[in-house]
Every structure is written in structure tokens, then in C-alpha cells.
**Q** 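Take this structure first; my questions come after.
Note: hydrogens, waters and symmetry copies are ignored here, and every other heavy atom, side chains too, is used. Within every chain, numbering begins at 1; the chains are lettered A, B, ... in the order of the sequence lines, protein sequences first and strands thereafter.
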Amino acid sequence: MPLPPGGAFNNRQPAARSGTNTNDPDRLSPLDLLIFLPIIAAVAMAFGAPARSAALAAAGANLLIALCLAFTFVPGDGFQFEARRAVLNSPAMGFNVGIDGLSLVMVLLTVLVTLAAVWVRPPKEGGEGFWYSSALLIAAGAMGAFVSTDLVFFYAFHELALIPTFLMIGMRGTGNNKDAAWKITIYLGFGSLVLLAGLAWLVVAAAAKGGEMTFDMAKLAAQARGIEGGTQEHIYLTLLIGFGILISLFPFHSWAAPAYASAPAPVAMLHSGVLKKFGLYGLLRVAVPMLPLGQSAEWIQHILIILLLGNILFIGLVTIAQKELDMVLGNSSVMHMGYIFLGIASGNAIGYGGAVLLMFAHGISIALLFALCAAVREKTGTLQFHRLGGMAKGAPVLGLLFGMGAFASIGLPGFANFAGEVNIFFGGFANKSDCGCLGWLEWATILALWGVVMSAVYMLRAYRAVFKGQPGQAVYGVTDIGQDTRIPALLLVAALLITGFFPNLLLDLVRPVVEALAPVSR
Amino acid sequence: MPAYYLEIAVVVLGLVLLLVEAFTPPQHKRRIGWAALAGIAATFLLLLTVKSHCGCDSPMWQFYDDSSLSLFFKGLALLCTAFVLMLGLEYLPVLEKYSARAGGGPATGEFFALPVLICAGLMWMASAIDITTIFLSLELTTIGFYIMVAYMRRNVGSLEAGVKYLILGALSTGILVYGLSWLFGATGQTGLDAIRTALPSAARGPALFAFALILIALCFKIAAVPFHFWVPDVYQGAPTPVTAFLSVGSKAAGFLVAIRLMEPFLAVESLRTTCIAILVAVACATLILGNLAAIPQGNFKRLLAYSSISHAGFLLLALASDRHTGELTSTRIIAFYLSAYLCMTLLAFAVLIIINKSTGSDELKAFDGLHRRNPFLGFATLIAAASLAGVPLTAGFLGKFFVFIAAAGAQQWLAIGIAVAGAAAGFYYYFKVIRHVYWNTAPEGAAAIPVSPVAKSLLIILIAATLVLGVYPQLILGLL
């Protein structure tokens, strides 16, 4: 598509409030770099560029760009750094990008995890170009989804990750990898199609009240308010199922744990850390603001609460029963989605803010754990608890870093996960009820608190089984991790601690967005 | 220049090629192919200079339409023919093996002249707005295909395909004529414009009977259930370039005729509900059968045959959802879908021809470890399969998405559910191809697969087109 120069990079003022359209929009945005640098690096690898250097350069540059964006970002609830490129005039569809506080947090998560993911070395020599380019393409897909302000590209970029994931798990995975790759692809393919049908329905229903069909999120949000209540509820439910499959909402979760367990480290990190957040981001970006009557409908609330308790309590118990480290991590990642759903179900700004914070924190912490888990597998050749033990003696740094990840995952104060979970639990009680009694949400929050106990149980047990106690048979002569694992792990730990001690760094960005999401009085 | 000069040019080109072919020595038959390609390319350039509604006065305009839609489908027919001729040049070694004369060398010249004549038929179909011209152009195309399908006379599969196609084709032609005569009887008109004005006052019974008969015949042409039985066998047996031609060219022209012939019926409120219900039922049956039957296939050509059926289901669903979507009319959706379908299906067939030339097999097993034997070919297969499955950022995705939008606008919830399930099944069998290419290892001693420069440029064009259409649909929709 034509991209004439001029007008680039000058959109530093906060854009007009969403819903209004500037007459002379920019054709280029720094956000384009975030999407295309990884893709360019991946293409360069296909033509023989040194794979690891190109990947690190692209991911590093992206981290710097994202930090610059974060510092020049003016908190407000409109999209900033916008660019619009129409690809279809009628109905209006365009490769439009822009970020608000919510997407900025997701962008930061993406660049951090991407850099860490490409820093981890492949365990075997050979096929490096394929390894790094797949990781970069998954990252580019997630990034494109988070910065797109057009519904079609929002959806399409997410799917860009589907094929590299399929190929990486199938070709470079471990264990029962081919079955796992097959399952995740078919499952997510089906989920995306349900989602696609829901989005098509939304667009058509919004245009049905007169007005031209549009895929632009801001215009669509204004248009969608005219949809009748019952229709809103049904579309919301369709989107909840579609996004829910991608997020591994109970009972659509069975693809997640085996896929993460057998995926190579970068894929597990990017998929569980970043890509899975696409569904949650989509709920907050599309379903909640555009279908407020669906979000507040009681019967949908009840369905969501039951399902998220399934995530927290049922999957929590499943996780406790696991005997292998990768399965513990995979299941714990599914379980923690329940808290984020709880934040979304609360329907108030505190809960939404906590959900976004936990999305960020969980993404970083699970990526950290999967990176270290891959290191354990590489050192010992196994992840079964009964063959491991006492690794902290031979590999103290690995033990320390893993401990940090595990504590973050449990929600220990000082890590960002704690701030997120606390906000979510407060959000659960922040709605004033008329009768002064406990409603569904309050009871769900009380039950969900027990999930924290469960995560403590399985994480500490896993930590003890792998790092403490008598050395297992697979652990003899184990060495500590090298710089290639230490640096990315430290990067992620630093991010967790900084945002844990100063959660307002992120919450200030998100607050205007989530306050606009929450109805003034319920 | 009036648009119908183009058809005349193409017919003349075909006849000249036939004449020249008779005097060309057997070892130089390849030149006929190049000449045909050059002629088709020149016609395509001419098409770009033609403007719709030239305003010139001629009795032709009662039978012949030169709207932008017609010109678009003419372009589609020409492009498809050009690609098929390139595929034919690539396929020549296989063709020579199976088409030898009784006492002498191979007979391959007509293989390049006949597609040109078929192309003339397809282009005429794109403009036909009178039931007589519709029938004539359809027959010109179909008779050409009868010969092309059975072209490899030393190959039993090709002969079997030819007989099947001939018998069922003749049957469907008969049904079509019967239906058209009922339509004429009900309205007393042959021009589609006149039929549109006369149909509301026609008797309901004869009109619906005509609709049913015409739909049956068209379902045969576009490979829709329950008139799809010929598809897998004919696709598998025919020479692969002909299969590609049947799958793309014939289907595209068939759908334009379907749009034109169905439109008068859908415009009459008293017939509309019944007609839509029938169309949706056919679309659902086609989606279910095409997608489910594709799952167990182990032969790539048969897989593409069932895939062709399932795509017909999506297109029919778009045809049945013709209101409530504003600018994105079902005609525009079908035109876009068919353009996308052209790129991705021809890409798949091109890969198949190249592989068949090296391995002599159409089975999926022949794709094992392709990414090591020829990484570029592996990538081409990946793009083709991804687009056919409807992975976003490829042309196939937007086609499916537009169909979903149209169906949601028409509130065909059951059909959407079936389409979603069908597309999910599509993920299964198209990704099976990717699995063969990337996961499986090549058999011991498998050599690298060479790709000729012509084939490589063809692949690059088709890959680029698939990706560009996937992000920039205005390119196609802006033409209509």
C-alpha cells in the first residue's frame, strides 16, 4: 500500500478523544516500527542474515522504541501515535494503528518478553534462522494485534502467530509435541472462527441501525451503543466464548498446558506470556466497551463467574496434582487467567485496573518461569519431580531466579502480581450492593482467595521438588545457567520488581481507560 | 472499443493456433503454448483499455453486458487462462508421456489451443445477459472441457474422468435447457432484463420449477452438493492444469451466471423466501460434505477437489445473503472471494505440478520433507494451504470474513454455525498438508526438487497476489 513520506512521527500530542476523526491523519507512526522491525529481521534471516544478532537487534530496538513511546505518552483516554491507512473504502477498513494506556501496557509486555525470548539460546545447534524468525513472527503478530485500532487487523495480526507456533511446537518441541501442536492449532483455529463470527455479528448489528459499516474501533464503539440489549448479550456471549477459547477459559482450556509443556522455550514464553493476553485485551478493548449491556447482564455475569471459578479452583487442584514442572507451569498459567477474568467480571475501574496489571505481571512472570524451566530441562534432561531435587546447590543462580518467579506467581508483595491481585480482590468488593448482603461476585472473590493458597501449595512444592532436598538422580554434576539465560531472566525479574514496587507506573497509564470502561454507577 | 471485440480476438487467436499447430513439427509444440500465452496476455492488456458502457450503438447490447462486473470477470477468465497455459508448459513432459499418437510422437498442440477457445467461452459467459447466449457460452466452455479432461488418452484415469464428465455434463446441460425453457414459458422472454420485469406476474409454480432446474444445472457447474459426485474423480483423473482450469475458471464463470440467473427470482418477494431457503440448504449441505469429506483424503488432488466443493459452499452462502450489508453486496463479495480463490488454488496446483514432475505422485506423501528438498516450494505450499484454510493476512481469510459478514447481515445463524465448523475442519485438512511439508522427513534418498524459472516466477506472482489481496482488498473491490 502506498505510504507517502511526510507527516511522520509528529503525532506527539494526545489525539482527539476517541470517536472523532482528524481530517488529515498521519500515514506513518512509530508503532509501525514495532510491528515491522521483527518481520523485517525475520525476512532478513531467510536471506541469510546472522539469525541471533538480527533477532536481538530487532527485539532490543523495539524495547527502546517502546520505552521512548512510554515516556512521551500523555495519559488520557484517546488513541495516540495514530496512523490511518485505508485498505478498503466501503465498508471502511484500514491498517490503522494507535495506542492508549491499555495497549501501551500490552506493548511494554510484548517487547520485554520478546527480548527475553530471543535471548534464550536454542538447545540444539542448527535451524537457528527458523527458531528466531518464528519467535519474532509470533511477537510481531501479538504486537500488531495490540496496536491495531481496526477490528480486522486486530484479529488478523493475532492469527499471524498461529503458523509459527504450529511449526515450532511440531518441529522443535519436546515430548508429545506433535499431538500438542495439532491440538493447539485446531483448538485455537476453531476459537478464532467463533470469535470471527462474533466480530462479524457485532459489525453488522452496529451498522443495522443505519450508518455505514465500519471496522474502525472508535467509530464502531460509538455505533455499537445503538444495538438492542438482547442482541448485545448474545454477541457478548459469542465473543466471550471466542476470546475465552484463546485465553483458555474453563472448560476450553485443555489445549494450553500440554502445548506449553512441549513448546520450545521462546514459544512457551511468548504464547503464555503475551499471546494469551490477546483474548483478555480483546475483551477489554471490544466486548466490554462496545457491549455494555452484555457486560452488565446478570446471566452472563453468572456464567462468567462460574467458569472463572472453574479456572481458579478446579485447575488449581489439577495443578497441585501434576508431577512434572512444565505441566505445573502450564496449568498454573491457565489457573491465573481466572483472576484476570474476575477483574473483568467485577465491572468497576479498580477491578479492570487490577486485571490489566495482572495481565502484565502474569505475562512477565510466566515467561520467566518457562525460560528457567527450559534451562532445567536442558541441564538435567528431565522435568519429572521424582528425578529432580537439590538443584540449588549446583545451580544457585537458577534457583534464586526461579524462586523469584515462583514467588511472583504466588503473588508475594513486592512483585507486580501482588498489586494486580490485590486490586482485583478489592474490585470484587467495590460494587455497592443494595441489600448489604454478599452477591455472586463477592462470594466468587472469597472463593478465589483460596486460589492464592493453592498457588502457594503447588509453586512451593515444585520449588522444593526441583531445587531443595536430596539431589535427584538427574541432578548430579549440574552446572549453573550461563549469561544467555541470566540476562533475560534478570530483565524480567527487574520488570516485575519495578512494577511491583511502583504499580502506579502502569496504573496511571491504564486508569483513564478503565475509568471510561466502567459505568459511573451500577 | 466495444468489449465484445475481445471475445472475437480470443476466438480468432484460438483458431489460428489450431491452424498453425497442424504445421508445427512435434518437437516445437511448446511454441504453440508460448504463442497462446502471448496472445492471452495481449488481450488482457487490451481489456484494461476497455471502458464499460462505451455508448456505441449496436443490437449486441440486448445480449451482451459490458458493466464493470462483466469486465472484471473477463479479466479473471483471461488471467486464469494465462496461468493455466503456464502450468501446461510446466506439465508438458507428463502430457507427452500419456498423449502419444498410435504410431508416432506426442500430440500436445491442441492442449494450448483449446484453453484459448474455452477462455472465449468464459469471457462470453461473463457478459451474457440473455438465456440463449448464456446457454451457448456455457456449452462452448463445457465442450472444450470434455476434450481437455480426457486429453491424456494413454492414461486410464484421464479417460475415466472424461467419460464421467461427459455423461454428467450432458445431463446437466439437458436440465439447464429444460429449466431455461420453463423460464421462457413462464415469462415469455429471453433477455434477463425483460425476465426481471415479467417474473413477478408469472405463475408461481412454473417459476419455482424453472428455478429448481436451473439451480440443479448450475450446482453441477460450480460443484455444489448434491451434484458434486463427478468432482473428485474428474479432478483426480484430468491433467492437472485442466483440473486447475475447471476448478477456477469454470467455477468463476458459473458463479457469475448463477448471480445473474438467480437475481430475478430473488427480486420477487413471493418467490424470495423459498428460493433463499433452497440456496441456504444447498450451501449448508455443500459446506458440510465438502469439509468433512476432505478430512480423510490422502491424495492432494482429491483434497483440492473437496476443498473446491467447500469453497462453493461459502460462495453459495454469500449468494444467498444478498441484502443488508450496504456497499459490501454479495456480488462484490463473490467477486473478491473468487479472485482470492484463483490465486490460492492456482498456487496449490502449481506446486502440485512441480512435485508431480519430480516424483510422479499426487499423494500427500510426496510432500514429505518438502521444506528440506526445496524450501521455496515448501513456503509456497504453506502460503497456499494457509490461504485456503483462511488464515488472516492472506486473501482466503478476507473472502471468508466477508461471507460471514454477509451471512450475519442476513441473519443466517444456522448457516454461520455450519460455516464456522466447516472452516475449522478446513484448518484440520489444510494444516495436514503443512504437516507433511514441515514435520515429516523426506524418504531416504529423496533428491532435491528443481523449479524452473517460469514456474518460479509464476509461484512468486501468485504468492504475492495472495498476500497483497489479504491486506489490501480495495485492489479488487475498487474495480467493481
Side-chain angles (χ1 to χ4, degrees), chain A residues 1-2 46 85-95 130 141 144 151-160 162-163 166-171 177-178 181-182 185-205 207-208 211-213 215 234-235 238 242, chain B residues 321 324-328 332 336 371 375-376 379 382-383 385-386 389-394 397-398 400-411 413 416-417 419-428 430-432 434-435 437-441 468-478:
Chain A
M1 64 203 78
R85 279 81 42 129
V87 300
L88 185 60
N89 297 339
S90 177
M93 183 196 293
F95 176 34
F130 172 68
L151 210 57
V152 176
F153 281 84
F154 157 80
Y155 174 87
F157 269 113
H158 165 256
E159 297 283 289
L160 180 63
L162 194 70
I163 291 175
F166 176 70
L167 295 180
M168 273 286 265
I169 300 182
M171 292 167 74
N177 58 334
K178 294 198 169 162
W182 206 220
T185 305
I186 301 303
Y187 222 124
L188 294 192
F190 180 69
S192 328
L193 284 165
V194 174
L195 172 60
L196 186 66
L199 294 178
W201 190 359
L202 170 66
V203 168
V204 169
E212 204 187 340
M213 199 186 287
F215 297 100
H234 290 115
I235 301 177
T238 314
Chain B
S321 316
H324 315 294
T325 40
E327 289 281 309
L328 203 62
R332 279 158 60 96
F336 181 82
H371 81 294
F376 177 68
F379 178 69
L382 174 72
I383 296 291
V391 174
L393 304 181
T394 62
F397 161 70
L398 279 182
K400 283 205 175 82
F401 183 51
F402 290 153
V403 173
F404 279 141
I405 287 194
Q411 308 205 319
W413 304 125
I416 291 181
V420 164
F427 268 93
Y428 183 87
Y430 293 120
F431 273 69
K432 200 165 79 175
I434 301 178
R435 198 168 62 166
V437 172
Y438 281 91
W439 288 9
N440 294 4
T441 45
V468 168
L469 287 188
V471 293
Y472 195 57
Q474 179 72 16
L475 205 59
I476 296 292
L477 294 176

**Q** Who are the ring-ring contact (aromatic ring centres under 6.0 Å, His included) partners of A:Phe130, not counting sequence neighbours?
**A** none
**Q** Counting heavy-atom pairs under 4.5 Å with chain B, which one of A:Val203, A:Ile186, A:Val194, A:Asn89 comes out on top?
**A** A:Asn89
**Q** Checking B:Asn440 now: which residues fulfil side-chain hydrogen bond (donor to acceptor under 3.5 Å, both in side chains) with it, not counting sequence neighbours?
**A** B:Asp368, B:His436
**Q** Non-hydrogen atoms of chain A under 4.5 Å away: do they reach the side chain of B:Val420, the backbone, both or neither?
**A** both
**Q** So which atom in B:Leu469 and which in B:Leu398 form the shortest heavy-atom distance, rounded to 0.1 Å?
**A**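 What the structure gives for the nearest pair is O-CD1, 3.5 Å.
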**Q** Please classify the contact of B:Leu393 with chain A as side chain, backbone, both or neither, using a heavy-atom distance under 4.5 Å.
**A**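 Contact with chain A: backbone and side chain both.
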**Q** Side chain, backbone, both or neither: which part of B:Leu382 has a heavy atom under 4.5 Å from chain A?
**A** side chain
**Q** Can you measure from CZ (A:Phe190) to OH (B:Tyr428) and round to the nearest 0.5 angstrom?
**A**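 OH of B:Tyr428 is found 16.0 Å from CZ of A:Phe190.
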**Q** Specify which of B:Phe404, B:Phe379, B:Phe401, B:Phe402 makes the most heavy-atom pairs with chain A at under 4.5 Å.
**A** B:Phe401
**Q** Using a cut-off of under 4.5 Å on heavy-atom pairs, state which of B:Gly417, B:Pro392, B:Ala386 scores highest against chain A.
**A** B:Pro392
**Q** Apply the side-chain contact (heavy atoms from CB on, under 4.5 Å) test between A:Phe166 and each candidate in B:Phe427, B:Phe431, B:Tyr438; give the one that qualifies.
**A**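 So, applying the side-chain contact (heavy atoms from CB on, under 4.5 Å) to A:Phe166 and each of B:Phe427, B:Phe431, B:Tyr438, only B:Phe431 qualifies.
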**Q** Is A:Leu167 close to chain B through its backbone or its side chain, or both, or neither, when contacts mean heavy atoms under 4.5 Å?
**A** both
**Q** If you count heavy-atom pairs within less than 4.5 Å of chain A, which of B:Ala389, B:Pro473, B:Gly470 leads?
**A** B:Pro473
**Q** Could you check whether the rings of B:Trp413 and A:Trp201 sit parallel, tilted or perpendicular, using 30° and 60° as the cut-offs?
**A** tilted
**Q** Set out, in order, the CA-CA distance, both residues' side-chain angles and the distance that settles side chain to side chain contact (heavy atoms under 4.5 Å, CB included) for A:Leu188 and A:Leu162, then state yes or no.
**A** CA-CA 8 Å; A:Leu188 294 192; A:Leu162 194 70; 4.2 Å; yes
**Q** In terms of heavy-atom proximity below 4.5 Å to chain A, should B:Phe397 be classed as side chain, backbone, both, or neither?
**A** side chain
**Q** For chain B, which of A:Gly189, A:Gly170, A:Ala46 has the most heavy-atom pairs under 4.5 Å?
**A**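 Top count of heavy-atom pairs under 4.5 Å with chain B: A:Gly170.
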